[in-house]
Amino acid sequence: MADAYDVLVVGAGTGGYSTALRAAQLGKRVALVERDDRLGGTCLLRGCIPTKALLQSAAVMDTVNRAQEWGIKASGDPDWSAVRAFEDKIVDKLVKGVTGLIKTRGITVLKGTAKLLPGPALEVDGQRVDATDVVIATGSAPRLLPGVEVTDRVITSDEALAYDRIPGSAVVIGAGAVGLEFASLYRSLGAEVTLLEALPGLAPLEDEDVSAEIAKAFRRRGIKASPGASVKDIADTDDAVDVTFEADGKAERVTADICLVAIGRGPVTEGLGLEDAGVALHEKGFVSVDGQLRTNVEHVWAVGDVANTPLQLAHVAFTEGYAVAERIAGETVPDIDYVNIPRVTYCTPEIASVGLTAAQAKDAGSKVATAHLDFRGIGKANMLGEGGFVKVVSEQGGGPVLGVHMIGPHVTDLIAEAMLITNWEAVPAEVAALIHPHPSLSEAIGEAHLALAGKPLHTA
Ligand code: NAI
């Protein structure tokens, strides 16, 4: 009997829906299985979109608080229910958009929980559905520390997005993207914030200068950060939460309204029947895939956060979904180059990077040259009243740009130019010859490359 579908996708997050959309575009009969009431997965429902909507409200609050710097008399307070309503409005609009698109492309949505069967096939709420190819895109969920459970006061980002109040004080555990963004959000909304990070610096995966700069900026914003902290205990005492930790060899305790645990995300594979169907898992439970995103079982693929690939990011999931759909359709698609994918964190100040850090480039055997362009030398950044820098790492002697690392105003948008520079292996002299608009923040990228090409403009 012919398979009911060419492609069955499990999970309607960014990885799953992008696979489905592209496969349908390529003429495949596609079904998307989702157990949530709404399509969109982590990014739309519990991640990128709702957090960035909240951070937009936080940015407005910051602007109001600083309005006098621009000669405007303004004051105000956050109205949490209105902030949450804005968050919901944005999420609803985008969910509606993607749901409509899936319908327009003729993709069948099967509501239910899927289990993988040999064949490959799926069992969806007891019903067998056959397909030529199955794509696992079940995503990830926040991890908790061992022995810690979610309570009213001990929460993860999932609970934080729908919380009933702005905490007066918060302990945030983990200074990766989630921890930095929530610490920044809570501070902008007026909370006292303590940020605990196990590794020696904040944003520990970023270039060391960026890591140092965000620590400085957070200190100026009044966020108390303890890198090198080892959390010993989190106790919800009903009217507060007590967090005990050790830092610099000293035992410390902090009491706050809430504790947000942001120590990373683990794969969602429970009940999926992967092991029974013979699909190999990585030791941390992610689905093992090769460079083409194939699992060890023929015609079973994995994309997005659940796959054992280097970055858990929505734009990575889109790219992986497109690649798998095209491979299923018989196209030759090269392995994804994960090094040159932009990484973005929407705290204040924003952080963005692409390519290798100076340390990584040296470890890889490169002789490295760097340029450091301070945003304070850029007119537009002065109007916005923000500092920070652009750091460019290249091969010594005029060789290609290997990495760009930024902290400061709107760098999560500016990184798109840096992405082109590293992916096209441009050399500093080529970028220096391109004309950036004045006055604009993008001049920081242009001037950093002018400096690296040996002809700095507004810097010494
Ligand atoms: P993460 O892995 O990026 O950061 C977690 C941090 O917690 C690490 O710095 C780690 O050293 C620290 N940590 C772990 N155990 C700890 C402990 N016991 N005590 C103190 N610190 C501890 O994970 P995060 O921030 O939860 O994000 C999950 C994923 O979602 C990441 O891949 C992230 O890149 C992605 N994401 C991306 C965003 C963006 O692109 N803007 C926004 C939010 C998340």
Side-chain angles (χ1 to χ4, degrees), residues 13-15 41-56 139-148 154-161 171-185 194-206 208 210-211 214-215 218 225-234 243-247 252 254 259-268 284 286 304-320 338 341-354 406-407 411-413 415-416 419:
T14 43
T42 299
C43 170
L44 256 74
L45 304 174
R46 295 176 293 278
C48 325
I49 298 300
T51 48
K52 269 32 109 189
L54 291 179
L55 284 160
Q56 172 57 25
S140 64
R143 286 200 299 115
L144 282 164
L145 289 159
V148 172
V154 180
I155 61 173
T156 69
S157 56
D158 282 358
E159 291 74 37
L161 290 169
V171 179
V172 175
I173 303 182
V178 172
L180 292 174
E181 290 183 1
F182 276 96
S184 184
L185 170 77
T194 306
L195 179 57
L196 307 179
E197 164 59 47
L199 292 173
L202 308 189
L205 299 183
E206 296 292 341
E208 58 190 5
V210 170
S211 194
I214 190 69
F218 268 23
S226 283
S230 159
V231 176
K232 299 296 175 198
D233 188 49
I234 305 172
V243 179
T244 37
F245 64 98
E246 215 173 271
E252 304 210 33
V254 54
C259 172
L260 180 116
V261 182
I263 58 162
R265 300 178 63 90
V268 175
K284 290 193 173 152
F286 293 92
D305 282 7
V306 77
N308 182 35
T309 52
L311 295 166
Q312 290 177 312
L313 298 169
H315 47 283
V316 170
F318 288 135
T319 311
E320 292 179 345
Y338 289 92
I341 292 174
R343 303 164 294 259
V344 281
T345 306
Y346 295 79
C347 48
T348 300
E350 291 186 347
I351 295 172
S353 61
V354 66
M406 304 195 270
I407 178 164
V411 295
T412 56
D413 286 315
I415 197 67
M419 173 196 68

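Heavy atoms only: backbone and side chains are in, while hydrogens, waters and symmetry mates are out. Numbering of ligands and ligand atoms starts at 1, following listing order. In this chain, residues are counted from 1 in sequence order.
Of all the heavy atoms of Leu313, the ones lying under 4.0 Å from any atom of ligand 1 belong exclusively to the side chain. Under 4.0 Å from ligand 1, heavy atoms of Ile263 appear from its side chain as well as its backbone. Within the 4.0 Å heavy-atom criterion, the part of Glu181 lying near ligand 1 is the side chain and not the backbone.
Proximity of a side-chain donor or acceptor of Glu197 to a complementary backbone N or O of Leu202 within less than 3.5 Å is not detected. Remark: side-chain polar atoms of Glu206 are not paired, donor with acceptor, to backbone N or O of Ile351 under 3.5 angstrom. Of the possible donor and acceptor atoms, one in the side chain of Ser184 sits under 3.5 Å from a partner among the backbone N and O of Thr348. A side-chain donor-acceptor contact under 3.5 Å links His315 to the backbone of Pro342.
Here the closest heavy-atom approach between residue Val148 and residue Leu144 is recorded as O-CD1, 3.6 Å. Residue Val243 comes nearest to Cys259 through the heavy atom pair CG2-SG, 4.0 Å, listed as atom of the first residue, atom of the second, then distance. Considering every non-hydrogen atom in both Ile214 and Ala203, the closest pair reads CG2-CB, 4.3 Å.
Looking only at heavy atoms of the protein, atom 19 (N) of ligand 1 is closest to Ile173 CG2, 3.6 Å. Gly174 CA, 3.3 Å is the protein heavy atom nearest to atom 7 (O) of ligand 1. The closest protein non-hydrogen atom to atom 39 (C) of ligand 1 is Val344 O, 3.1 Å. Considering only non-hydrogen protein atoms, atom 31 (C) of ligand 1 sits nearest to Gln312 OE1, 3.9 Å. At the shortest separation from atom 20 (C) of ligand 1 among protein heavy atoms lies Ala198 N, 3.2 Å. When only non-hydrogen protein atoms are considered, atom 8 (C) of ligand 1 lies nearest to Glu197 OE1, 3.5 Å.
Contact atoms of ligand 1 toward Arg265: 28 (C), 29 (C), 30 (O) (distance under 4.0 Å to a heavy atom of the residue). Which parts of ligand 1 touch Pro204 is read off a 4.0 Å heavy-atom cut-off, strictly below it: atoms 9 (O). Close approach of ligand 1 to Gly176 (heavy-atom distance below 4.0 Å) involves ligand atoms 3 (O), 4 (O), 6 (C), 9 (O), 25 (O). Atoms of ligand 1 found under 4.0 Å from any heavy atom of Leu145 (numbered from 1 in listed order, with element): 18 (N). In summary, the atoms of ligand 1 found under 4.0 Å from a heavy atom of Val178, numbered by their order in the structure, are 24 (P), 25 (O), 26 (O), 27 (O), 43 (C), 44 (C). Proximity to Leu199 (heavy-atom distance under 4.0 Å) selects the following atoms of ligand 1: 11 (O).
Looking at ligand 1, you won't find any N or O of Tyr346 less than 3.5 Å from one of its N or O atoms. Taking distance alone, with nitrogen or oxygen atoms compared against 3.5 Å, Gly264 approaches ligand 1 more closely than that limit.
Separation of atoms OG (Ser157) and CG (Leu260) is listed at 6.5 Å; rounding is to 0.5 Å. Residue Ile49 holds its CD1 atom at 11.5 Å from CG of Leu161, rounded to the nearest 0.5 Å.
Screening Arg343, Glu350, Lys52 for a side chain to side chain donor-acceptor pair (under 3.5 Å) with Thr412, the sole residue that qualifies is Glu350.
One option in Ala177, Ala262, Cys48, Pro200 has a heavy atom closer to atom 38 (C) of ligand 1 than any other, and that option is Ala177.
Of the N and O atoms on the side chains of Glu159 and Thr156, at least one donor lies less than 3.5 Å from an acceptor on the other residue.
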